[in-house]
Amino acid sequence: MRFEASRALRERAHAMIPGGAHTYAKGDDQYPEDAPGFIARGAGCHVWDVDGNEFIEYGMGLRAVTLGHGYAPVVAAAAAALPHGSNFTRPAAIEVEAASQLLAMVGRHDGAMVKFAKHGSDATTAAVKLARAHTGRDLVAICTDHPFFSTDDWFIGATGMPGGVPSAVRALTVGFRYNDASSLAAAFEAHPGEIACVMMEAETTTAPAPGFLAEVRRLCDAHGALLVIDETLTGFRWHNRGAQDVHDVTGDLAVYGKAMGNGFAISALVGRPDVMELGGLRHDRERVFLLSTTHGAETHALAAALAVMTAYQHEPVIETLYRQGARLAAGVTSAAQRHGVSDHFGVLGRDCNLIYVTKDPSGERSQPYRTLFLQELIAGGIIAPSFSISYSHTDADVDRTIEAVDAALAVYAKALDAGSVDGLLRGRPVAPVFRRFNR
């Protein structure tokens with residue numbers, strides 16, 4: 001493959017855009033040097049870069065495009081809304097329709113309410129603000145095993161990349177571990193009456209241990225804190241009603257986004273009416289400036305979300321994600337066994353949302369070995385920062401992916417035998433997003 005156009009565009013991008021991209025997870029440091037730098041178009045699960053190279057894509061827009069790129073019913077719905085205007089001085093009627101449809105689909109409280117926004121960070125930060133107002137407390141407890149909740153200071157200050165976040169703000173966030181209820185109990189004991197909410201996903205790559213989520217719910221209730229379930233990834237992927245339904249746990253507040261718009265910018269905060277109404281007009285308490293964004297309820301994005309929900313309710317979207325993910329997982333696992341690398345490479349997570357793990361000869365997680373695997377996958381026509389499947393991945397797409405994985409693992413096995421990626425990796429290794437310095 002040739003990447004001349006991507007390389008030329010990359011130089012221009014870095015001259016004008018910090019990092020060369022508007023999303024860290026899409027940056028050059030996340031991919032090998034021999035990789036497509038810019039995508040020109042997509043259809044289904046296939047994409048073409050600016051050099052004309054074609055790839056099967058996984059991850060699909062950071063897992064936001066679950067139905068497929070350019071999914072016709074969603075595009076048609078958004079296109080039909082656009083000629084009539086996308087933003088007005090007063091609310092549009094579609095806001096009520098979209099709220100009703102979403103609450104019917106995912107609402108877990110009687111009289112649940114919703115506010116729309118453009119991305120998950122807006123909604124999680126709004127949840128934190130509501131929790132603080134509702135409880136009169138300042139601290140937030142986050143699950144430190146979950147990779148990302150928000151671009152805002154309350155979360156970024158607790159990561160390995162806290163530059164620019166005041167130390168006073170960093171001190172307002174405390175952590176606990178997933179599947180370790182005692183660590184959450186310890187946080188409550190260390191900060192009695194101070195924690196406003198617990199922010200977590202119901203599940204990521206590790207399933208909840210029996211009784212763990214119920215104990216989290218109990219601890220929140222016992223200590224007067226709100227439970228916020230971040231369904232940005234799991235909603236519209238684990239189940240039509242989200243991971244809360246799968247695990248029979250109910251957050252006081254829940255956040256949705258990503259696949260909710262199949263690539264269109266839309267997110268939602270859903271929750272208990274007594275908490276949500278603090279951002280409304282029908283109460284006598286101190287007012288909370290909740291979500292109030294100029295573009296939060298653009299008509300075309302809401303139309304896209306309605307079309308997405310219709311697809312999920314009338315087509316076997318979730319069933320397909322699980323079936324095709326299982327097919328992929330089985331093929332990848334078989335390839336790893338065939339090349340004798342199962343102790344150093346494998347897949348984790350639910351079939352609907354797989355990731356892969358790369359380890360060096362000592363069994364430690366390895367960025368150089370991850371880079372080598374990515375490099376070889378790309379050479380085989382696959383872009384896969386994860387193995388997160390979509391509704392548009394066909395049997396043929398999955399089988400072709402397994403063939404590319406098989407070829408990549410043959411090179412991976414050579415690197416393990418040599419004890420190094422030297423001579424096999426072309427260029428520098430990828431790096432974690434959350435790192436304090438670029439070196």
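- Distance check, rounded to the nearest 0.5 Å: OG1 of Thr124 to NE2 of His119 gives 9.0 Å.
- In summary, the side chains of Glu315 and Tyr391 do present a donor paired with an acceptor at a separation below 3.5 Å, with no hydrogens or angles considered.
- Taking a cutoff of 4.0 Å between a charged side-chain nitrogen and a carboxylate oxygen, Lys359 and Asp343 do not qualify as a salt bridge.
- Residues Asp152 and Ser121 bring no donor and acceptor atom of their side chains to less than 3.5 Å of each other.
- Using cut-offs of 30° and 60° on the angle between ring planes, the pair His146 and Tyr178 is tilted.
- Taking the six-membered ring where tryptophan is involved, the planes of Phe434 and Phe148 are essentially parallel, since the angle between them stays under 30° and well short of 60°.
- At distances below 3.5 Å, at least one donor-acceptor pair connects side-chain atoms of His239 with backbone N or O atoms of Arg241.
- Side chains of Glu319 and Gln324: no donor on one and acceptor on the other come within 3.5 Å.
- For the pair Phe345/Val357, no side-chain contact is recorded, criterion being any heavy-atom separation below 4.5 Å from C-beta on.
- Side chains of Ser6 and Arg10: a donor-acceptor N/O pair is absent below 3.5 angstrom, by distance only.
- Glu231 and Thr234 are linked by a side-chain donor-acceptor pair at a separation below 3.5 angstrom, with hydrogens and angles left out of the test.
- Using modelled atom types, one side-chain atom of Thr358 and one backbone atom of Ser366 make a donor-acceptor pair closer than 3.5 Å.
- Using a distance-only test at 3.5 Å, with no hydrogens or angles considered, no donor-acceptor pair links the side chain of Arg170 to the main chain of Gly157.
- Across every non-hydrogen atom of Pro162 and Arg436, the tightest pair is CG-NH2, 3.1 Å.
- In the displayed structure, Arg338 atom CZ is contacted under 6.0 Å by more than 12 heavy atoms of other residues, nucleotides or ligands.
- The residues Asp138 and Arg132 are annotated as not salt-bridged, no charged nitrogen and carboxylate oxygen being separated by less than 4.0 angstrom.
- Between Pro32 and Arg426, the closest side-chain pair of non-hydrogen atoms is not below 4.5 Å.
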Item to check | CA sep, side-chain torsions, deciding dist, call: Asn262, His69, side chain to side chain donor-acceptor pair (under 3.5 Å) | outcome: CA-CA 8 Å; Asn262 198 51; His69 299 298; over 6 Å; no
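- The distance between the ring centers of Tyr356 and Phe373 falls below 6.0 angstrom.
- Between the side chain of Glu95 and the backbone N or O of Ala92 there is at least one donor-acceptor pair closer than 3.5 Å.
- A heavy-atom distance below 4.5 Å is found between the side chains of Glu364 and Asp360.
- The existence of a salt bridge linking Glu298 and Lys118 is confirmed by a sub-4.0 Å separation between a basic side-chain nitrogen and an acidic carboxylate oxygen.
- Asp252 and His109 are not linked by any side-chain donor-acceptor pair at a separation below 3.5 angstrom, with hydrogens and angles left out of the test.
- A heavy-atom distance below 4.5 Å is found between the side chains of Tyr24 and Met161.
- We find that Arg108 and Asp245 are joined by a salt bridge, their nearest charged nitrogen and carboxylate oxygen being less than 4.0 Å apart.
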Checklist entry - What's the verdict on side chain to side chain contact (heavy atoms under 4.5 Å, CB included) for Leu233 and Arg237, showing C-alpha distance, side-chain angles and the deciding distance? => result CA-CA 7 Å; Leu233 285 177; Arg237 187 173 285 277; over 6 Å; no
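- Checked options Val216, Ile142, Val228; the residue passing with Met200 is Val216 (criterion: side chain to side chain contact (heavy atoms under 4.5 Å, CB included)).
- You'll find the side chain of Tyr58 stays beyond 4.5 Å of the side chain of Ile383, heavy atoms only.
- Heavy-atom minimum distance, Leu67 versus Ala311: CD1-CB, 4.1 Å.
- Contact between Ala99 and Val114 at its shortest, heavy atoms only, is CB-CG1, 3.4 Å.
- Here the side chains of Arg272 and Leu226 are in contact, with some heavy-atom distance below 4.5 Å.
- The closest donor-acceptor contact from the side chain of Tyr312 to the backbone of Phe236 lies under 3.5 Å.
- Proximity of a side-chain donor or acceptor of Glu376 to a complementary backbone N or O of Val411 within less than 3.5 Å is not detected.
- The only option from Pro385, Ser390, Ser386 that meets the side chain to side chain contact (heavy atoms under 4.5 Å, CB included) definition with Arg63 turns out to be Ser386.
- Side-chain contact between Tyr256 and Thr232 is absent, with no heavy atoms from C-beta onward closer than 4.5 Å.
- Here Arg327 does not pair with Asp397 in a salt bridge; the nearest charged N to carboxylate O distance is not below 4.0 Å.
- Remark: side-chain polar atoms of Lys115 are not paired, donor with acceptor, to backbone N or O of Ala268 under 3.5 angstrom.
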